[in-house]
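Along the sequence shown, residues carry numbers from 1.
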Amino acid sequence: MRSSLRRILAYAHYSIIPMVKQPMQMITIVGYIFLPMIFMAIFLRDAGAIHGLIGVLVNSAVLSGIFTSQDYVYNRIYFRLQDFLVSSPMKSWEYVAGVTLSTYVIMIPSLALSLVILYYLQVISSVMSLLITLIILLIGGIGFSFLGYLIGTLTNNPTTVNGLSNILVLVLGFLAPVYYPMDLIPPEYRIYTLILPSTPIPELLRQLYNISETSFSIWILGLLILIWNILFIGLSIKVAYWREK
């Protein structure tokens, strides 16, 4: 396990270096995630800010996972880095973990700022609620990390993977009830939003913060998150390939 952790951190460090050298990219991504929350705070005041901040937290995990698909394509097609890695002791899941960890570095400012504001608004009021929030985001983000790996492995055209990842982020990060509460959706249609893998995560956080008026059980929401994780991980193992066949 120690060797695996060392390989994950080594690759994450390798991937972080070019990201850190492009601060404007980090500012753009943070602004892209925060923009809906700003409008919600302006028009809906504190309630809008709270729901928007939850959206920032969840969309950071969604975006971090799905957008890694572009890294996999460039590493495999242009840089031929995957050819080098498959001949090393690194395993596919270590590769996914390293890429995802490096991508999360860009999201640290948005995650930290959101958590600080939620604490200031007394939504997160204890260390325990903070830890539970981080655990939910971590578990929820695992599935999207493997979804990004699946897309990036099965796609050879950068233009295609860019378009597909942008569409997925638009649907899962913005159209789904991530930035806005599920309460705004008519009751007869709420059940259908659970088809989207990003829906249970913010709803579970709203249940944790006692700001949700829906009747979905936290156990059902948690089970849905695990099911999506198992599905994406299973598809990655079954369909995506680490070595050329």
Side-chain angles (χ1 to χ4, degrees), residues 1-30 32-33 59-111 137-170 172-173 197 228-245:
M1 189 61 188
R2 184 177 300 177
S3 298
S4 294
L5 182 60
R6 186 161 51 244
R7 287 191 289 267
I8 292 171
L9 293 176
Y11 184 81
H13 180 264
Y14 165 82
S15 298
I16 288 170
I17 292 176
M19 296 180 186
V20 174
K21 291 182 179 179
Q22 300 181 33
M24 288 306 300
Q25 181 183 7
M26 298 179 67
I27 295 174
T28 301
I29 293 176
V30 171
Y32 178 75
I33 296 175
N59 204 22
S60 296
V62 173
L63 191 146
S64 296
I66 294 178
F67 274 178
T68 55
S69 59
Q70 303 174 20
D71 295 328
Y72 296 123
V73 171
Y74 281 98
N75 287 345
R76 181 165 46 86
I77 302 299
Y78 291 100
F79 304 139
R80 310 300 296 182
L81 180 61
Q82 188 168 322
D83 292 344
F84 168 77
L85 293 176
V86 297
S87 61
S88 71
M90 177 169 279
K91 303 176 180 63
S92 59
W93 70 268
E94 296 171 350
Y95 179 44
V96 173
V99 173
T100 303
L101 180 60
S102 65
T103 307
Y104 263 101
V105 170
I106 299 180
M107 302 301 170
I108 287 177
S110 59
L111 289 170
L137 292 174
L138 175 62
I139 296 176
I142 291 174
F144 294 106
S145 299
F146 279 91
L147 176 60
Y149 173 63
L150 178 66
I151 296 171
T153 304
L154 299 180
T155 309
N156 294 324
N157 190 322
T159 303
T160 301
V161 77
N162 288 346
L164 182 57
S165 60
N166 285 327
I167 291 174
L168 285 174
V169 169
L170 177 63
L172 301 180
W228 280 113
N229 281 358
I230 293 172
L231 177 62
F232 290 142
I233 294 173
L235 285 174
S236 298
I237 296 174
K238 181 76 174 178
V239 180
Y241 54 88
W242 173 233
R243 292 179 171 84
E244 295 286 350
K245 298 179 180 179

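The two atoms that bring R7 and M90 nearest to each other are O-CE, 3.5 Å, heavy atoms only. In terms of heavy-atom proximity, Y149 sits nearest to S92 at OH-CB, 3.9 Å. Contact detail for V105 and P109: the closest heavy-atom pair is O-CD, 3.8 Å. Smallest separation of non-hydrogen atoms from Y72 and S145: OH-O, 4.4 Å. When all heavy atoms of A12 and L101 are compared, the closest pair comes out as CB-CD2, 3.7 Å. V62 and L172 make their closest contact through CG1-CB, 4.2 Å (heavy atoms, listed as atom of the first residue, atom of the second, distance).
Between atom CG of residue N59 and atom CE of residue M107 there is a gap of 8.0 Å, rounded to the nearest 0.5 Å. In this structure, OG1 on T28 lies 11.0 Å from CD1 on I33, to the nearest 0.5 angstrom. With rounding to the nearest 0.5 angstrom, the CG atom of L164 is 12.5 Å from the OG1 atom of T159.
By the side-chain contact (heavy atoms from CB on, under 4.5 Å) test, I77 pairs with V73, N156, sequence neighbours left out. For S165, the side-chain contact (heavy atoms from CB on, under 4.5 Å) partners two or more places apart in sequence, or in a different chain, are I66, F67, S69, Q70. Scanning for ring-ring contact (aromatic ring centres under 6.0 Å, His included) contacts around F84 gives an empty result, with sequence neighbours left out. Partners of N75 under the side-chain hydrogen bond (donor to acceptor under 3.5 Å, both in side chains) rule, at least two apart in sequence or in another chain, are Y11, Y95. Taking S110 as the reference, S60 meet the side-chain hydrogen bond (donor to acceptor under 3.5 Å, both in side chains) condition, with sequence neighbours excluded. Taking the side-chain hydrogen bond (donor to acceptor under 3.5 Å, both in side chains) definition, one finds that S102 meets it with nothing, sequence neighbours left out.
Within the 3.5 Å criterion, the main-chain N or O of F146 finds a donor-acceptor partner in the side chain of S236. Checking side-chain atoms of R76 against main-chain N and O of T155 turns up a donor-acceptor pair under 3.5 Å.
Exactly one residue among S88, S3, S4 makes a side chain to side chain donor-acceptor pair (under 3.5 Å) with E94. That residue is S4. For the side-chain contact (heavy atoms from CB on, under 4.5 Å) with L150, the lone residue among I233, V239, V96 that qualifies is V239.
For the pair L137 and Y104, the minimum side-chain heavy-atom distance is 4.5 Å or more. Side-chain atoms of Y74 and P158, non-hydrogen and from C-beta on, do get closer than 4.5 Å to each other. Considering only heavy atoms from C-beta on, I151 comes within 4.5 Å of L147 through its side chain.
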Practice task
Determine, stepwise, if the pair I8 / W93 fulfils side chain to side chain contact (heavy atoms under 4.5 Å, CB included).
Solution key: CA-CA 9 Å; I8 292 171; W93 70 268; 3.8 Å; yes
